[in-house]
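Report on one structure; see the data block that follows.
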There are 2 protein chains.
Amino acid sequence: MEQLCFGVDIGGTTIKAGLFNQDGMLLNKWEFPTKKSDIEKEFLWDTAIFIESMIRERKLDRNGIIGIGVGLPGPVMENGEVLELSNLGTGYFNIINELQEMTGLKVKAGNDANVAALGELWQGSGKGYKSMVLVTLGTGVGGGIIYNNDILAGSKGAAGEIGHICVNEKEKITCGCGKKGCLEQYASATGIVRLAREALARKNKQSKLYDKDQLNAKVIFDLAKEGDVLSLEIVEDACRYLGIALAQVAQVVDPEVFVIGGGVSKAGSILTERVKEHYNSHVMDALKDKEFRIAALGNDAGIYGGARLILSSNA
Amino acid sequence: MEQLCFGVDIGGTTIKAGLFNQDGMLLNKWEFPTKKSDIEKEFLWDTAIFIESMIRERKLDRNGIIGIGVGLPGPVMENGEVLELSNLGTGYFNIINELQEMTGLKVKAGNDANVAALGELWQGSGKGYKSMVLVTLGTGVGGGIIYNNDILAGSKGAAGEIGHICVNEKEKITCGCGKKGCLEQYASATGIVRLAREALARKNKQSKLYDKDQLNAKVIFDLAKEGDVLSLEIVEDACRYLGIALAQVAQVVDPEVFVIGGGVSKAGSILTERVKEHYNSHVMDALKDKEFRIAALGNDAGIYGGARLILSSNA
């Protein structure tokens with residue numbers, strides 16, 4: 001009998017789900033909005049109901065479904081304990097116990113960035129490696145660490161929070177996390193735009209950026225590739241902070257490969273090349289010249305990683 | 001038949017060895033100088049010969065000796081591969097294969113700081129925990145990370161190199177590793193003395209430090225405890241850099257406990273308290289208020305950890 005599993009990526013805006021076979025092939029995927037109401041943990045009920053309806057609709061044999069692997073936007077301990085999910089308005093609960101109870105299926109879970117990292121290692125840019133650091137540059141900066149093919153979750157599920165490594169002691173503006181000088185303040189899509197606003201406000205260089213109606217990371221990277229000096233400086237600044245942070249990560253976990261994902265990573269090789277140079281000048285010799293790659297799975301990394309959580313625990 | 005094992009800590013100056021029973025009790029320990037000559041890997045031959053002579057002298061049953069666990073001063077991969085040991089003048093070799101060949105006994109090995117961390121987790125200040133970060137403040141700054149009761153060695157054996165995390169982008173002086181602004185330049189015994197020399201050279205504050213013939217970490221911490229303002233500032237500076245570095249480590253691996261060892265750690269609670277405060281102001285909320293402890297095993301941590309490598313692999 002063919003064995004199947006679900007990978008689910010629960011985010012603040014949408015819930016993504018994928019149905020996988022035991023070889024890790026994605027058979028189908030779906031996406032639906034994360035409802036926000038007063039019902040407690042509605043996202044969990046919605047997930048359970050969706051999976052139940054897919055099983056019925058597709059006439060799947062329930063005995064062939066070996067489990068559901070879930071990524072959640074916050075710290076998740078290996079035993080499923082979640083202290084809080086600020087994006088989803090929940091306090092403490094155990095995702096594994098509750099979703100198992102709701103579905104009658106085996107559940108595994110992790111932090112969304114960690115689960116996405118597992119997906120990239122399994123079927124994406126980390127394929128063939130055993131240890132990897134994924135950093136995702138989106139609205140914020142997320143991170144996930146894989147060590148010996150497993151998620152490094154940390155004692156309270158808060159490992160791999162690369163976006164909140166302090167890279168600038170001098171920063172005056174406070175990050176969303178309450179600290180100052182976090183990587184996220186410089187290398188996220190919003191951080192890069194902030195760097196650009198500051199550079200433009202200095203008004204000491206000509207730049208095509210002044211002619212743009214909309215300032216976003218893509219516009220800045222595109223102009224940098226065309227040789228616009230100010231845009232190049234902004235890109236260099238963001239890449240320097242990212243290189244510094246990844247150097248610190250390497251001094252701690254010494255991975256085989258760094259994978260950069262998220263919307264900003266569409267910039268491609270200019271990003272990996274500049275980050276690698278700054279990385280190299282901030283690590284010990286033994287850690288120099290690691291592999292730097294752009295993520296391959298895009299928004300599907302999370303559902304792949306969820307499936308992998310189930311398939312590897314079943315192997 | 002009682003099972004025994006050896007824990008060996010090979011350093012640049014001395015080689016320490018301990019004989020342990022299967023309950024982890026240290027039955028005997030020895031220390032002898034690391035010879036420096038032109039003979040290649042003499043330290044390895046010396047270790048093998050010493051163990052052989054102990055087996056004979058104490059009439060130990062060779063069949064009851066389950067192995068030798070070794071710590072080496074440099075990166076060691078999980079399979080025993082060593083790229084180089086600059087302190088001992090060797091290039092690439094495989095410590096496990098070579099020492100097994102020499103002794104006929106099972107060998108396990110790791111980086112000395114990692115092995116010491118394992119020792120502290122097993123029988124020292126990390127007892128009862130599963131994940132721990134050890135930072136040793138001696139002539140240099142060493143680090144070892146334990147995750148899920150195991151050494152986190154890294155892909156090239158260079159994980160946990162906390163001493164060479166960059167904590168000061170503005171530093172002008174080069175660290176022994178070739179980089180600038182490494183934690184080791186501020187929080188090692190020599191780093192603290194350097195901070196003191198710089199503070200004294202500013203000549204803008206009275207201090208009993210001016211009356212001291214010898215400037216060392218103990219003198220500075222002792223005066224700080226007496227309330228000497230300049231000494232307190234120096235201690236605060238060193239603890240701030242250490243707090244910043246450990247915050248970065250926590251963002252990556254989220255351990256349960258931090259243990260501070262090495263000669264400087266004799267300063268005691270002033271160190272853990274000041275470091276913890278700076279740590280707390282540099283981590284996300286989910287990582288605040290970790291346990292900070294002073295190491296318990298002193299120079300024996302390495303031989304304990306060596307024994308643990310063998311006993312845990314034999315369990």
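Every heavy atom of this structure was used, including side-chain atoms; hydrogens, water molecules and symmetry mates were not. Chain naming here is simple, since letters A, B, ... match the order of the sequence lines and numbering starts at 1 in each.
Annotation: residues 164-181 of chain A contacts chain B through A/His164, A/Ile165, A/Cys166, A/Glu169, A/Lys170, A/Lys179 [non-hydrogen atoms, separation under 4.5 Å]. Near-neighbour residues of residues 79-90 of chain A relative to chain B, defined by a heavy atom under 4.5 Å from a heavy atom of that chain, are none. By a heavy-atom distance cut of under 4.5 Å, A/Ser131 are the residues of residues 110-132 of chain A near chain B, going up by number. Contact residues of residues 284-296 of chain A toward chain B are A/Met284, A/Ala286, A/Leu287, A/Lys290 (heavy-atom distance under 4.5 Å).
Note that CG of B/Leu309 and CG of B/Asp150 are 9.0 Å apart. Values are rounded to the nearest 0.5 Å. Going from atom CG of B/Leu195 over to atom OH of B/Tyr241 covers 7.0 Å, rounded to the nearest 0.5 Å. Taking CZ from A/Arg274 and CG from A/Asp237, the interatomic distance works out to 12.0 Å, rounded to the nearest 0.5 Å. B/Lys41 contributes atom NZ, which lies 12.0 Å from atom CD1 of B/Ile10 (distance to the nearest 0.5 angstrom). Summarising the geometry, atom OG1 belonging to A/Thr272 is positioned 10.5 Å from atom CG belonging to A/Leu242; distances are rounded to the nearest 0.5 Å. A distance of 9.5 Å separates CG in B/Leu183 from CD1 in B/Ile244, rounded to the nearest 0.5 Å.
Here the side chains of A/Leu137 and A/Leu271 are in contact, with some heavy-atom distance below 4.5 Å. Put simply, the side chain of A/Leu44 reaches to within 4.5 Å of the side chain of A/Phe93, judged on heavy atoms.
Side-chain contact, B/Ser313 with B/Lys106: a donor N or O sits under 3.5 Å from an acceptor N or O. Using a 3.5 Å distance cut-off with no hydrogens or angles, the side chains of A/Glu236 and A/His278 do pair a donor with an acceptor.
At a 4.5 Å heavy-atom cutoff, the contact between B/Val283 and chain A is made by backbone atoms alone. Looking at A/Ala153, both its backbone and its side chain come within 4.5 Å of chain B, counting heavy atoms on both sides.
When each of B/Ala159, B/Ser155, B/Ala250 is checked for heavy-atom pairs under 4.5 Å with chain A, B/Ser155 comes out on top. Ranked by heavy-atom pairs shorter than 4.5 Å toward chain A, the options B/Lys156, B/Gln251, B/Glu78, B/Gln248 are led by B/Gln251.
Salt-bridge formation is not detected for the pair A/Glu273/A/Lys276: no Lys NZ or Arg NE/NH1/NH2 atom is positioned less than 4.0 Å from an Asp or Glu carboxylate oxygen. Contact check on A/Arg194 versus A/Glu198 returns a salt bridge, with a Lys/Arg side-chain nitrogen under 4.0 Å from an Asp/Glu carboxylate oxygen.
No donor-acceptor distance shorter than 3.5 angstrom exists from the side chain of B/Glu184 to the backbone of B/Gly140, with no hydrogens or angles considered.
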Begin from the C-alpha positions of B/Val252 and A/Leu152 and carry the test side chain to side chain contact (heavy atoms under 4.5 Å, CB included) through to its verdict.
-> CA-CA 9 Å; B/Val252 181; A/Leu152 198 162; over 6 Å; no
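Here the closest non-hydrogen pair linking A/Thr139 and A/Thr190 is O-OG1, 2.9 Å. The shortest heavy-atom contact between B/Asp9 and B/Gly302 is OD2-CA, 3.9 Å. The minimum heavy-atom distance linking B/Ala158 with A/Asp254 is given by the pair N-OD2, 2.9 Å. Shortest non-hydrogen contact noted between A/Cys182 and A/Gly163 is CB-O, 3.4 Å.
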